[in-house]
Protein chains: 2
Amino acid sequence: MELDDRKRKILLAIIQNYQDTGEPVGSRTISKMNDLNYSPATIRNEMADLEEMGLIVQPHTSAGRVPTDKGYRLYVDHLLTNEETGLTASEGGQLPGTHMEQLLSKRMDRVEEMLMRMAQVLAANTQYTTMVTGPHYKQNKLKFIQLSAMGGGKLLAVIVLNGNIVKNNILDIGSDIGQEALSRLNFCLNNNLNGLSIEEINLPLITKIKDEAGENADAAAAVLDAVAAAFDKEDSMPVYTSGATNIFKYPELADNEKISNLINVLEEKKELGTALGVVSPNGSKQDIQVYIGDEVPVESMKDCSVVTATYQMGDGVQGKIGIIGPRRMDYQKVVETLKATMNQLDGIFKKPEE
Amino acid sequence: MELDDRKRKILLAIIQNYQDTGEPVGSRTISKMNDLNYSPATIRNEMADLEEMGLIVQPHTSAGRVPTDKGYRLYVDHLLTNEETGLTASEGGQLPGTHMEQLLSKRMDRVEEMLMRMAQVLAANTQYTTMVTGPHYKQNKLKFIQLSAMGGGKLLAVIVLNGNIVKNNILDIGSDIGQEALSRLNFCLNNNLNGLSIEEINLPLITKIKDEAGENADAAAAVLDAVAAAFDKEDSMPVYTSGATNIFKYPELADNEKISNLINVLEEKKELGTALGVVSPNGSKQDIQVYIGDEVPVESMKDCSVVTATYQMGDGVQGKIGIIGPRRMDYQKVVETLKATMNQLDGIFKKPEE
DNA sequence: GTTAGCACTCAAACGCATAGAGTGCTAACA
DNA sequence: TGTTAGCACTCTATGCGTTTGAGTGCTAAC
């Protein structure tokens, strides 16, 4: 069966109406809309066709129609490829970037705090739940290491990776090292390791470093362990969430067990990496992905939809932002908000780098 | 009216029964218990007295009795002052410290991760919600500062406070400083500041440092700002939570709006400091506090009870652990679990310090 | 002081009728 | 041939009266 123009219009009308109300949409409602001057009976015939095509369903025999995942997919694909469609602009309310602009222009030095705030603002603006991963490096390299004596046989190793990702490690090396020996060890490590990726730190190099370190070989080994840990991806991928309680606003998600599962995933931050998907190695700038219902790769989110975007921080550092809402999420608004946010982020991170 | 022994026994029986079931307790239920061989009518008379004393109430005329906050308070005070009361030991299930022992014996170097895990284990063991503050210093002092050049006019300032609390700050100072000048600045700052508390860094000292820094006075000022930020308490008090979804298990908290508010507070971590109370300056070792219902200082937790404990990490560093559950929380189990946890923490942090 | 008995209360559960939104089908119409 | 009015039918949600049962307070007897 063919999806002609009238059918498409009706599908769109159903989706829009369902987005607003959350209730199944009947033929009479559609027939009363301005641009569709047909009787309910005609609409009903078309609806029967749309149902046959798997784009809408009835929750029960005598109810209106609700879009299926397939129906939403059609709508979203249409939305993403063809920007200025017959869809009305996201109606009024808060302008997507209003608060965001002030927030981002502050240019906080603590990137993490900024990301947290960003999650909060996005959640408040969209009324959905937001998750943001910390910055993540494509192909990470060691910038430099700084060792300091802490007394009590402890050594502070500050490890800085490309993209200014800083990791602290307090190492217990048994006994204190003299100031001069520490300087030498510091120099030795930096001399041998700076600019290398984790793969380039191989056994011969490690042996060489231990040789050069002499009596402080143990300390050198401890620092190398810390370096390995600093490169560990899991570790360097914190996820910030905000607006988890927004899901209470959508009655179709109101099942207590489901809410509980979802909030649990958000709190324990276990599967959020999966939900956000992999950062595509050579992804385009605004790599916006939409997962609808069952398409979401996390079990407890299969009643929701998730929209993700990749942010670029210059210098090859990037991360992901995800917005979780009900299936009947306002995809248009969310996609627009994400695009605007990405643009602003780009502007801020590009300028001061030059 | 006097609270004689029989009345106390009946109150205890009501509390225990209500803890198990969450339902109002009737006179017949109490009368069937082993150690109270009285007819329901007798029990009813006593119950009427207990109600008059404000220790129990009826949710409605023809319902059983439920303990009031005042009733719980009596019970908890009794529990805390007089350890080995007629109360049966916390019955079976998971031995409080089982997993905790393995966890803590690992002695992770990353204290924060350990605290997060601790929150998780406590939540799993108790089936309540847990919050843990990061380590917090009573009267904090600067241990040392380490400056490193990062290129691009950026400076990495690593600030270490007493108790090995490490803060990173990337400072933008406009133009790079030469290696030698940086060494001098580093020495100057450490020479003047090490061992001082925030109050001791006063204007004359700041002027002196700027003088000594000479042309790098701006950079010195930036570092001093970073030091002030490092001392900022709000900033150094992360709160980890776990088991937020455990509240779904208790039907008396099942009101969606209340759950939403509570989870929101837990997620945004706003008022958790208030909920955990102030760390008492000269508190005893295991400073266990119980807040029942309306006693909890946070609005959205007034339907819950909160039990807090102070943990000591040696060297004057301490923090707070809080457990949030329904009013009918198993106070005995929670208090015991917390005490056991505190003891284990003490053992671990004391030993390697000597 | 304790207990049996009884009338009373109230929330929750149940059954049942009703309203109303919406459908599919058929037949008539342009 | 596409569109529409009309109608019988379906199914959920709502409201309402009834019943059930747990529990109480009071009184009178032990």
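These values consider heavy atoms only, across backbone and side chains, with no hydrogens, waters or symmetry-generated copies. Since we're looking at a predicted model, the values are computed, not measured. Letters go in sequence order (proteins before strands), and every chain restarts at 1.
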Under 3.5 Å side-chain donor-acceptor pair for B:Ser27 and B:Arg44: yes
Out of C:dT9, C:dT2, D:dT4, whichever nucleotide has its closest atom nearest the side chain of B:Tyr38: C:dT2
Rounded distance (Å) that lies between atom C1' of D:dG2 and atom NZ of A:Lys7: 12 Å
Charged N-O contact under 4.0 Å between B:Glu46 and B:Arg6: yes
Minimum-distance nucleotide to B:Thr61 side chain [options: C:dG22, C:dT9, C:dA4]: C:dT9
B:Thr68 side-chain N/O to B:Leu55 backbone N/O, donor-acceptor pair under 3.5 Å: yes
Within residues 43-50 of chain B, residues whose heavy atoms come under 4.0 Å of DNA chain D: B:Arg44, B:Met47
Whole-Å distance separating the CG atom of B:Asn37 from the C1' atom of C:dG1: 16 Å
A:Arg28 vs D:dT4: side-chain N/O to OP1/OP2 distance below 4.0 Å: no
N-O pairing of A:Lys9 and A:Asp35 below 4.0 Å: no
D:dC26: pairing nucleotide in any strand, Watson-Crick or G-U under 3.5 angstrom: C:dG5
Contact nearer the 5' end of DNA chain C, comparing A:Ser27 with B:Ser62: B:Ser62
A:Lys70 (side chain) donor-acceptor with A:Met53 (main chain) under 3.5 angstrom: yes
A:Glu295/A:Lys302 salt bridge by N-O under 4.0 Å criterion: no
B:Glu52 CD - D:dG25 P separation (whole Å): 11 Å
Pair A:Arg73 + A:Asp77, salt bridge at N-O below 4.0 Å: yes
Touch class at under 4.0 angstrom, heavy-atom based, for B:Thr42 against every strand present: base
Separation of C:dT23 C1' from A:Ile56 CD1 (nearest whole Å): 12 Å
Rounded distance (Å) that lies between atom C1' of D:dT12 and atom CD of A:Gln58: 13 Å
Pairing partner of C:dA19 (Watson-Crick or G-U wobble, both distances under 3.5 Å): D:dT12
Euclidean distance, atom NE2 of residue A:His60 to atom C1' of D:dC9 [Å, nearest integer]: 15 Å
Phosphate OP1/OP2 of C:dG1: any B:Arg6 side-chain N/O under 4.0 Å: no
